[in-house]
Amino acid sequence: MTGPTSGSDRSIGRRGLFVTGAAAALTLGSVSFTKAATTGGEETRTVRGTLPPGSPDYVYLPVEVPHGVREIAVSYAYERTPVPPGTQGNALDIGIFDERGTGLGGRGFRGWSGGARSEFFIRADAATPGYIPGPVRAGTWNIALGPYTTAPEGLPYAVTITLRYGAPGKTPAAVHPPERAKGRGRAWYRGDCHLHSLYSDGKRTPAEIAAAARAAGLDFINTSEHNTHAAHSAWQGLWGDDLLILTGEEITTRNGHVVAVGTDPGTFVDWRYRARENRFGHYAREIRRAGGLVVPAHPHATCIGCNWKFGFGDADAVEVWNGPYTPEDEIALASWDNTLAGGRGWTPAMGSSDAHREPQLVGMPQTVVRADDLTREAILDGIRAGHSYITESSAVSLTFGASGGRGRHADIGDRLDVDAGTPVTVRLDVTGAPGCTAHFVTDQGTLHTTPLPESGAGTVEWRTTPQYATYVRAEVRHVPKAPGLPGALAALTNPVFLGAAGRR
């Protein structure tokens, strides 16, 4: 390659292509630059190629970075070839790894924007949102191309790399959110644990998300950008006594998405594997070692790569309600309910907005957690224990529990430890749900339904025994929009289990 701009064909199948250490990935021949360290100037190279149908999940384009580089800038484009109805067209994601390599675990990870951006830069003092600021050290960097879907004619692409030379600048120290807000002691706290900003494919700034969270009556949020932890340090000045900000990631694999909730700031979790590779358990343990929760997101979503294929054995909770209530959520709810009958090792339900942009609402839905205080540890403990319910907004509040025997009582997520034949009273108190109906759901199905008063505030009681109902949970639903279909949820509780554990 000579001159300021040159082209090179890197189609898969040509010489110079080899398998990398990462699963389902291939590496192209490297791109070289000629300059050594200088006081300024820049060089640009453009690489063109075509990825055929059936390409590996990740294709790496190595870039040989010399000494003296102040900034690396990358832009890319690809052809969106017209395809007939029912056929997937072209979609190409992009990210980058530095000289520490592309090995699974992400030691060399420096950023990912998926398909949300056509260009990015990295230098010591700044980077495009989704990318990690820091020195551009000499060595082999790798641009990661992810052919998400490929048209039958292939996916023609062009990647342009520009190196700018000069003094590197200084990387600012990262400032992360504190693990504690003022709180109200032991109380119910409202949160939204699945949100996206412009640090991945969202359109809101962190400041706009924080403002929307406060407007929605939330006490905590979790930052969960796709495949990057770059936003962990983007919240300075946005937290406060009234808002706890947790840090996490939405690990977006080709076989489903999982939200890491409340991991240590700066934690990156790799996503470059499929269910067939049997690696998810390792990364679930990484999330827990970083203090976070493993929460499969929208497990029955129909978008490409969204449906959850890894099983729920490693989950701490599962997102059964994602954004405005849809038939996908109804399927997720039914699937989750089918796992509850045993009552041991059960997985609590959560709900989150997955809001990306206007008019999607932050806090629709929201998870309401009983916690000892408004701290990272207490909130995660409450979610993990299932001491939580889900509502469509802060207007809806519930109290739900069961009592029986000699003055015994159990709240959401707990067990009422009484004998199988003991009479049990289940009680639900609702506010903020006008026009809705309350439902009590057990391992046999829905066994009690009561319309709420027009005001939307009311109390519903039902009597049963542990022999008749292994568990009871509550749903508050709107009027169905079509005959024969269930109404959309206004609220949902985790179950109260009935009977002595292990004795039926």
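Heavy atoms only: backbone and side chains are in, while hydrogens, waters and symmetry mates are out. Computed from a predicted structure; not experimentally measured.
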Quick one, Thr253 with Tyr273, criterion side-chain contact (heavy atoms from CB on, under 4.5 Å). Give me CA distance, side-chain angles, the key distance, then yes/no.
CA-CA 7 Å; Thr253 81; Tyr273 43 85; 3.9 Å; yes
For the pair Thr252 and His226, evaluate side chain to side chain donor-acceptor pair (under 3.5 Å) and give the outcome as yes or no after the intermediate values.
CA-CA 6 Å; Thr252 307; His226 291 285; 2.7 Å; yes
Apply side-chain contact (heavy atoms from CB on, under 4.5 Å) to the pair Trp239 and Leu244, showing each step before the final yes or no.
CA-CA 6 Å; Trp239 58 78; Leu244 175 70; over 6 Å; no
Ring pair (Phe, Tyr, Trp, His ring centres under 6.0 Å) assessment of Phe312 paired with Trp336:
CA-CA 10 Å; Phe312 297 95; Trp336 168 74; over 10 Å; no
Under the criterion salt bridge (charged side-chain N to carboxylate O under 4.0 Å, His left out), I'd like the reasoning laid out for Lys170 against Asp125: C-alpha separation, chi angles, the key distance, then a yes or no.
CA-CA 5 Å; Lys170 185 177 180 181; Asp125 61 341; over 6 Å; no
Could you go through the side chain to side chain donor-acceptor pair (under 3.5 Å) check for Thr34 and Glu43 one step at a time?
CA-CA 9 Å; Thr34 58; Glu43 288 186 288; 2.8 Å; yes
Run the numbers on Glu330 and Arg477 for salt bridge (charged side-chain N to carboxylate O under 4.0 Å, His left out), then give the verdict.
CA-CA 12 Å; Glu330 191 70 30; Arg477 289 184 178 263; 3.1 Å; yes
Does the pair Arg117 and Asp201 meet the rule for a salt bridge (charged side-chain N to carboxylate O under 4.0 Å, His left out), with working shown?
CA-CA 8 Å; Arg117 285 186 168 80; Asp201 61 343; over 6 Å; no
Determine, stepwise, if the pair Asp57 / Arg272 fulfils salt bridge (charged side-chain N to carboxylate O under 4.0 Å, His left out).
CA-CA 8 Å; Asp57 290 348; Arg272 293 170 294 160; over 6 Å; no
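His194 and Glu250 form a side-chain donor-acceptor contact under 3.5 Å, judged by distance and modelled atom types alone. No side-chain N or O of Thr267 forms a donor-acceptor pair with one of Asp264 less than 3.5 Å apart. A donor and an acceptor atom, one from each side chain of Arg45 and Ser32, are nowhere located under 3.5 Å apart. A side-chain donor from one of Asp414 and His387 sits under 3.5 Å from a side-chain acceptor of the other. One side chain, Glu64 or Thr140, offers a donor N or O that lies under 3.5 Å from an acceptor on the other. In summary, the side chains of Ser197 and Glu225 do present a donor paired with an acceptor at a separation below 3.5 Å, with no hydrogens or angles considered. A donor and an acceptor atom, one from each side chain of Thr160 and Thr46, are located under 3.5 Å apart. No side-chain N or O of Tyr471 forms a donor-acceptor pair with one of Arg473 less than 3.5 Å apart. For Thr302 and Glu328, the side-chain atoms include at least one donor-acceptor pair closer than 3.5 Å. For the 3.5 Å distance criterion, the side chains of Glu79 and Tyr157 fail to qualify, holding no donor opposite an acceptor.
The shortest side-chain heavy-atom distance between His257 and Cys306 falls under the 4.5 Å cut-off. Contact annotation: the side chain of Leu61 approaches that of Val31 to within less than 4.5 Å [non-hydrogen atoms, C-beta and beyond]. In this structure, Ile132 and His232 have side chains that are not in contact, with every pair of non-hydrogen atoms separated by 4.5 Å or more. Residues Leu361 and Ser353 fail the side-chain proximity criterion, which asks for heavy atoms closer than 4.5 Å. Contact annotation: the side chain of Ile209 approaches that of Ile221 to within less than 4.5 Å [non-hydrogen atoms, C-beta and beyond]. With contacts defined as side-chain heavy-atom distances shorter than 4.5 Å, the pair Val136/Val65 qualifies. By the 4.5 Å heavy-atom criterion applied to side chains, Ser75 and Ser118 are not counted as neighbours. Annotation: side chain of Pro62 is in contact with side chain of Thr27 (closest heavy-atom distance under 4.5 Å).
Taking every heavy atom of both residues into account, Leu340 and Phe497 meet most closely at O-CE2, 3.4 Å. For Pro296 against Ala317, the heavy-atom pair with the smallest separation is CD-O, 3.1 Å. Trp112 and Ile94 make their closest contact through CE3-O, 3.4 Å (heavy atoms, listed as atom of the first residue, atom of the second, distance). The two residues Ser224 and Cys193 have their closest heavy-atom pair at OG-O, 3.9 Å. Here the closest heavy-atom approach between residue Ile287 and residue Leu293 is recorded as CG2-O, 3.6 Å. The two residues Thr391 and Trp321 make their nearest non-hydrogen contact at C-CH2, 4.0 Å.
For the pair Tyr148 (side chain) and Ile304 (backbone), a donor-acceptor distance under 3.5 Å is present. At distances below 3.5 Å, at least one donor-acceptor pair connects side-chain atoms of Thr228 with backbone N or O atoms of Gly130. Within the 3.5 Å criterion, the main-chain N or O of Ala378 finds a donor-acceptor partner in the side chain of Thr375. In this structure a side-chain-to-backbone donor-acceptor pair under 3.5 Å is present from Asn222 to Gly262. With Glu475 contributing its side chain and Leu492 its backbone, the two residues share no donor-acceptor pair below 3.5 Å. At least one donor-acceptor pair under 3.5 Å links the side chain of Thr247 to the backbone N or O of Thr263.
A centroid separation of 6.0 Å or more is found between the aromatic rings of Trp271 and Tyr283. Taking the ring centroids of Trp188 and Tyr389, they lie under the 6.0 Å cut-off. Remark: aromatic rings of Trp308 and Phe280 are close, center separation under 6.0 Å. Under the 6.0 Å cut-off for aromatic ring centres, Tyr131 and Phe121 do not qualify, their centroids lying 6.0 Å or more apart.
Ion pairing between Glu358 and Arg204 holds under the 4.0 Å rule for side-chain N and carboxylate O. Salt bridge absent: Asp219 and Arg190 never bring a charged side-chain N and a carboxylate O closer than 4.0 Å. Using a 4.0 Å cut-off between charged side-chain N and carboxylate O, Arg285 and Asp314 make no salt bridge.
Remark: Asp443 CG to Asp337 CG distance equals 8.5 Å, nearest 0.5 Å. Within the model, atoms OG1 of Thr44 and CG of Leu163 stand 8.0 Å from one another, a figure rounded to the nearest 0.5 Å.
Around the CZ atom of Arg384, the shell of radius 6.0 Å holds more than 12 heavy atoms that belong to other residues, nucleotides or ligands. The environment of Arg107 atom CZ is sparse: at most 12 non-hydrogen atoms of other residues, nucleotides or ligands sit within 6.0 angstrom. Residue Asn338 qualifies as enclosed at atom CG: its count of foreign heavy atoms under 6.0 Å is above 12.
Shown are Val368, Thr367, Ile412; of these, the side-chain contact (heavy atoms from CB on, under 4.5 Å) with Ser388 is made only by Thr367.
Taking the centre and axis of the six-membered ring of Phe97, the NZ or CZ atom of Arg100 falls outside the cone set by 45° and 6.0 Å. Relative to the ring axis of Tyr58, Arg254 places its NZ or CZ within 45° and under 6.0 Å from the centre.
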